[in-house]
Protein chains: 2
Amino acid sequence: MASIKDVAAEAGVSVATVSRVLNDHPSVSPAARTRVLAAVEALGYRPNAVARSLRTDQTHTLGLVISDVLNPYFTELARSVEEEARALGYSVIIGNADERPELQDHHVRTLLDRRIDGLLVSPTDGGSPLMLDAARGGTPMVFVDRWIPGVDVPVVRADGRAAVRDLVAHLHGLGHRRLAIIAGPAATTTGSERVEAFREALREYGLPLPDTYIGQGDFQAASGRRVTEEFLGLPEPPEAVFAADNLMALGALDAIRARGMRVPDDIALAAFDDIPWFVHTDPPITAIAQPTPELGRAAVRALVDRIEGRPPQSVTFAARLVVRRSCGEPAATNVTR
Amino acid sequence: MASIKDVAAEAGVSVATVSRVLNDHPSVSPAARTRVLAAVEALGYRPNAVARSLRTDQTHTLGLVISDVLNPYFTELARSVEEEARALGYSVIIGNADERPELQDHHVRTLLDRRIDGLLVSPTDGGSPLMLDAARGGTPMVFVDRWIPGVDVPVVRADGRAAVRDLVAHLHGLGHRRLAIIAGPAATTTGSERVEAFREALREYGLPLPDTYIGQGDFQAASGRRVTEEFLGLPEPPEAVFAADNLMALGALDAIRARGMRVPDDIALAAFDDIPWFVHTDPPITAIAQPTPELGRAAVRALVDRIEGRPPQSVTFAARLVVRRSCGEPAATNVTR
DNA sequence: TAGGCGCATGTAATCGATTCCACGAGGAGG
DNA sequence: CCTCCTCGTGGAATCGATTACATGCGCCTA
């Protein structure tokens, strides 16, 4: 592979001049510039990003550590992150933690070893020493979707509180009174917040939330299935189930079908995180939609601001309820798609 | 960030000794080793992968360029690729081409600039000059799922021919005679091969495949919807539709429902590529399943073999038919899950 | 006891870029 | 005509690692 020296030799100039041409430094004569560009062309030269990074101490690369690539919510997030980063001149390296803290640490470590310019994280847990050290040690960092309390890192996320209240109103309006939730791990913010929002909304309607109606899941389909089976086995099973993410909702759907029951006739179902597939299931599933692409874009912008010395901003978007048919017939005024 | 020099100073040895300890070179005294390790610990030193790569000309990184991250088939592939690579001591950088050749080229270019050790590609097209040059220029490369004919690059893929024949037999056995296909782009091998296999299987059963029953899709849901609408608008619509990937199948499902028709009563539907969601749709969709994780693992092994100087092997797996309910009642002997 | 061998270690070159500094040529101004 | 400034250019240091080569020491053997 041709190096800058080869180009310099071919063009009959010094490596310094070649470098200047490549970084369009102003003080290069037109003649030299032409010769260098011709040499670059002739040799098919491409600058070695590794060498460049070593010298400049910049990789123009962002790390993105997500909790689960198999979850469509996160792939959509990853896609928008990459898109925005590319627009701003950065590449993205994705690390998939599979909801496992030690795998998350592995990725954080290798990303730091590669000297990425900044880190975008959706933590699977309350924060390992490694990640906390990195944050405190000055690695530009932004949390997206989930975050870790008590760390001075900007957070880009969606607030589902209002949408959860809308959902409870919707369920209440349809006559449902016994509402249950399949929660995510309490160590994650999205795990605990969604339960809190749900509990609060129920209180507004004077509805109870007994412990038996709070199932402990782990954001994976299997846990949704298990928890739903437990719900259905109760002496007084819930009339509606709210899953804190889309994978657990599908697990729930599965468990309900396995019992020969129908949604929404026998039991209502709703999910946090809307995904394209929810339109295609039978029945289409009512869900709380985050503006996922906007989240990704805002997170990248915040991180790049931080990297390039501008003050980064935490951003909170609003999630919104998308009513479909899985809780019963929608009122005419509600959004359907 | 501490460098090897700082460690050397702290431990009172030269950088060479530090390097030897880190790469466990045999000839280092136990005393020196201990002092170095203590210094590493004290400073929280981590070797700079950028500098190391520059010197050794190895990045221990593989590039993976896939056609569409939003397609669950590819995310599953990406996951298994990363897993196997990690087991072999490599990291993976994923580039998403979004089925756009120019984006594919962008990713190939930046990956090469980063001097990745090898490239795993599922090409979106017949091969750009850039990719062909890279392949011929000696960049270790392996094609996975899709490939480009006429290039000397190992291919790891699944052969769907037998499974497609099984599918046609299944459809024929259920009494369907007018079978149609939603094809992928002809520039991709999976696009053309699946049509060919289908055509051949139909011929075995003496069934025709008129041009009106070959819809041209692009592996995205919208195209599946459009093509299906065209099918349904024909004077004599097909009795069964076979979508060449999962996203187009969902588009088809959508179009069928929009007409108020039911699967499989009014029309049968099957898809290439099985995904977890197909179990949850109503009805569950009959599909041709590739051993996706095995594909990813084999591709990584082939690529790493090539990188480390062992002869790489092309591998072809068999795809298999998974019968569910979207074509009609399954025969008792067929696999269901 | 001298020669030789091997081990532990250090010095310095090297990878491919960027960039500071010095230098020479040429033009402007006094 | 001399001085000074600007512009284009090249030499060389530098980033942080790896590694070939040199060196010195201790020990074994003849």
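Treat the numbers as computed from the prediction; the structure is a model and nothing was measured. Naming: A, B, ... by sequence-line order, numbering from 1 per chain.
In this structure, I4(A) and S19(A) have side chains that are in contact, with non-hydrogen atoms separated by less than 4.5 Å.
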A correct 5'-to-3' footprint of nucleotides 13-20 of chain C, with B, S and - meaning base, sugar-phosphate only and no protein heavy atom under 4.0 Å, is BBBBBBBB
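What you find for F317(A) and P291(A) is that their closest heavy atoms are CB-CG, 3.6 Å. Nearest heavy-atom pair across A158(A) and L295(A) is N-CD1, 4.0 Å. A51(B) approaches L54(A) most closely through the heavy-atom pair CB-CD1, 3.8 Å. Between P123(B) and M131(B), the shortest heavy-atom contact is CB-CE, 4.0 Å. For L303(A) against G118(A), the heavy-atom pair with the smallest separation is CD2-C, 3.8 Å. When all heavy atoms of D98(A) and Q220(A) are compared, the pair lying nearest together is O-NE2, 4.5 Å.
Among residue pairs with one or both ends in residues 33-47 of chain A, those qualifying as salt bridge (Lys or Arg N to Asp or Glu O under 4.0 Å) are R46(A)-D113(B); sequence neighbours excluded. Counting only residues at least two apart or in different chains, salt bridge (Lys or Arg N to Asp or Glu O under 4.0 Å) contacts with residues 51-75 of chain B are absent.
The environment of Q313(B) atom CD is sparse: at most 12 non-hydrogen atoms of other residues, nucleotides or ligands sit within 6.0 angstrom.
Contacts between residues 24-44 of chain A and DNA chain D, counted as heavy-atom distances below 4.0 Å, involve S27(A), V28(A), S29(A), A32(A).
Axis orientation changes by 60° from one end of the helix from dT1(C)-dA30(D) to dG30(C)-dC1(D) to the other, with each end axis drawn from 5 pairs and the value rounded to 10°.
Ionic pairing of E76(B) and R79(B) is not present here: no N-O contact between side-chain nitrogen and carboxylate oxygen is shorter than 4.0 angstrom.
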Distances under 3.5 Å between nitrogen or oxygen atoms of protein and nucleotides 24-26 of chain D:
none

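Between R114(A) and T61(B), the side chains place a donor N or O and an acceptor N or O closer than 3.5 Å (distance only, hydrogens not considered).
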